[in-house]
Engineer: 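Sharing a structure with you now.
Order of the sequence lines sets the chain letters (A, B, ...), proteins ahead of strands, with each chain counted from 1.
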Amino acid sequence: MSLTRQDVEKVSLLGRLLLAPDELDRMTLQLGQIVGYVEQLGELNTESVEPMAHAVELKNVFRADDVRPSLERSAALANAPQHDSECYLVPAVLGE
Amino acid sequence: MSLTDCTAAELLADLNARRVSSVEVVKDFSARIERVDSKVKAFLRYDGDAALKQAKAIDDRRARGGSVGLLGGLPVAVKDLICARGELTTCASKMLANFRAPYDATIVEKLRAVDAVFLGRTNMDEFAMGGSNENSAFGPTHNPWNLNCIPGGSSGGAAAAVAARMATLSIGTDTGGSIRQPAGLCGVTGLKPTYGRVSRYGLVAFASSLDQIGPLARTAEDAALLLEAIAGHDPRDSTSVDAPVPKYSQTINQPLAGLKLGLVREHFGPGLDSEVEAAVREAFKVYQSLGATVKELSMPHAKYGVATYYVIAPCEASSNLARYDGVHYGYRTDVAKMNDRLAEEAKSMSAAGHSAAVDQLDNSLVRMYRQSRAEGFGAEVKRRIMLGTYALSAGYYDAYYLKALKVRRLIRGDYDAAFKQVDLIAGPVTTTPAFKIGEKMGDPLSMYLVDLYTVSANLAGVGGIVFPCGFSRSNLPIGLQLQAPPLAEERLLRAAHMFQKATDWHTRKPPL
């Protein structure tokens, strides 16, 4: 299956990346090559194979639901590009 | 001999006997960094004064007869994707160029607790994505053995710092081979522990089910010392394994009687450089002369490792890197300029009568995400986000992600079957010695194939160690890789140490 430029453009919106026209062209070519390589997995019959998401078989880890100290607000905001010392500030979304 | 030429074990013995002070050790390493790092560029930042201050405090405590931890004043370099409170943690990305971590990673706490001295932060591929260190937003690291060559990635800075004698010990991370591959290409000893052996709390995540922190050092003995300091269960990391930590540095000398090594037929196929193959086969002979047996076996799914990895890792990366949105931390585009451009786009579309297109135009917030991420991330990171987003998107999930998870189980099955027959799997770590900077940059797929021999261990979650077993005619290091069943790090370290007692490849020093 080959990837079209339109596919890549759609994925760039889903992935929240804005790609320049030349980047879209390059990405279409390179993703196509990589996805083509990945398609060799289709050679394997995996019908009865359980998927393995993790190397360590995980079990739930429980702990008491206690309130504990966490990162202070000032520390959480310290790296924000824009904040008003209480909240993160973003461009207006409502009432545009 | 300069202190920088000593191994960590030698330095530690001298420090503990007070034949040398931590201040003297740190001064020698700082001087070495000043002298050679302008050529190698292994460090993104190093702070000689802060290191001296730490060293002095440890020296004073020792002089007063106070207790001193396992690493008692040894300087350690840390890859720049591990959080240390108040310090820059950039992941070699423009996105995090000004990010100061608000807390310590567990491994940083552990290193402080055993009195390691923090020497500086090492260069890497951006967000640990790459096999050559060329993806760093701050420029590549150079291989100390040949400055025109790559050091391997993504822990290239960590490996080069050790190879160039700018640090005896360093911390790297391995998602698809990022400790082992640069260890092989720089001629040092690097260990990827079993998944879960070392806490990942405070490690900037790339592909969470594959990432693992581990040591890089000059010898297996030194790697044992560092692993002992950093391994162990951490309740803050839900994937951390709750198992006791052996005293690796104490058991390293116990011989491995009747060691059974597995030679995987699929590791010696087309594409393997003849010099690499010769050095690896020579290493088998060394083990045989030490009493080991070599058994040939097959891992039929080995050749699917790279394809499986390059679905799973980008899928996890696209999810983990969603947090870089220009809101909470990291780079944000110039919003005023961006809004002006957005308004212009809307105007020109309306003028051309494309009212439907105007409706579909990003709103300010979405455009801010998209533009911040586009400007903050480098090409390889964008490629992997795109690949992962594609593979997880509606209609492709089953064909790519789910399929890869199933093949992952088959790859793990190969390991389980192999370890019923042998103690360790031995083979090459890379197909060729270090290649030239720039050689593969235009061809991502050929760069991905560099990981052929390493990715399967991450998919299966098993441990692996790499150490030098020869040199090419052009004097570039060649590494041997040993892989072990889960939690058999002791076995890996002892087998590597056994080889290093019988050979002197690991003692060679690059011409700097």
Engineer: Side chain, backbone, both or neither: which part of Leu71(A) has a non-hydrogen atom closer than 4.5 Å to chain B?
Structural biologist: side chain
Engineer: Please look at Ser393(B) and chain A and tell me whether the side chain, the backbone, both or neither of the residue comes under 4.5 angstrom of a heavy atom of that chain.
Structural biologist: side chain
Engineer: At a 4.5 Å cut-off on heavy atoms, which part of Leu13(A) comes close to chain B: side chain, backbone, both, or neither?
Structural biologist: both
Engineer: Please work out which of the three classes, parallel, tilted or perpendicular, describes the rings of Tyr310(B) and Tyr448(B), given edges at 30° and 60°.
Structural biologist: parallel
Engineer: May I ask you to decide if the ring planes of Phe127(B) and Tyr324(B) are parallel, tilted or perpendicular, using 30° and 60° as cut-offs?
Structural biologist: tilted
Engineer: Can you tell me which portion of Val335(B) sits under 4.5 Å from chain A's heavy atoms? Options are side chain, backbone, both or neither.
Structural biologist: side chain
Engineer: Parallel, tilted or perpendicular: which describes the rings of Tyr400(B) and Tyr390(B), with under 30° parallel and over 60° perpendicular?
Structural biologist: tilted
Engineer: Side chain, backbone, both or neither: which part of Ile385(B) has a non-hydrogen atom closer than 4.5 Å to chain A?
Structural biologist: side chain
Engineer: When you measure from the centre of the six-membered ring of Tyr369(B), is the NZ or CZ of Arg16(A) closer than 6.0 Å and no more than 45° off the axis?
Structural biologist: no
Engineer: Given a strict heavy-atom distance threshold of 4.5 Å, which part of Ser372(B) is in contact with chain A: side chain, backbone, both, or neither?
Structural biologist: neither
Engineer: Got more than 12 heavy atoms from elsewhere within 6.0 Å of CZ, Arg341(B)?
Structural biologist: no
Engineer: Taking Gly86(B)'s backbone N and O only, do any of them form a donor-acceptor pair with Arg100(B)'s side chain (distance below 3.5 Å, no angle check)?
Structural biologist: yes
Engineer: Using 0.5 Å steps for rounding, measure from the OG atom of Ser456(B) to the CZ atom of Arg412(B).
Structural biologist: 12.5 Å
Engineer: Given a strict heavy-atom distance threshold of 4.5 Å, which part of Gln40(A) is in contact with chain B: side chain, backbone, both, or neither?
Structural biologist: both
Engineer: With a 4.5 angstrom heavy-atom cut-off, is it the side chain or the backbone of Asp325(B) that approaches chain A, or both, or neither?
Structural biologist: neither
Engineer: Quick one: what part of Met368(B) sits under 4.5 Å from any heavy atom of chain A, side chain, backbone, both or neither?
Structural biologist: side chain
Engineer: For Glu72(A), which atoms come within 4.5 Å of any heavy atom of chain B: side chain, backbone, both, or neither?
Structural biologist: neither
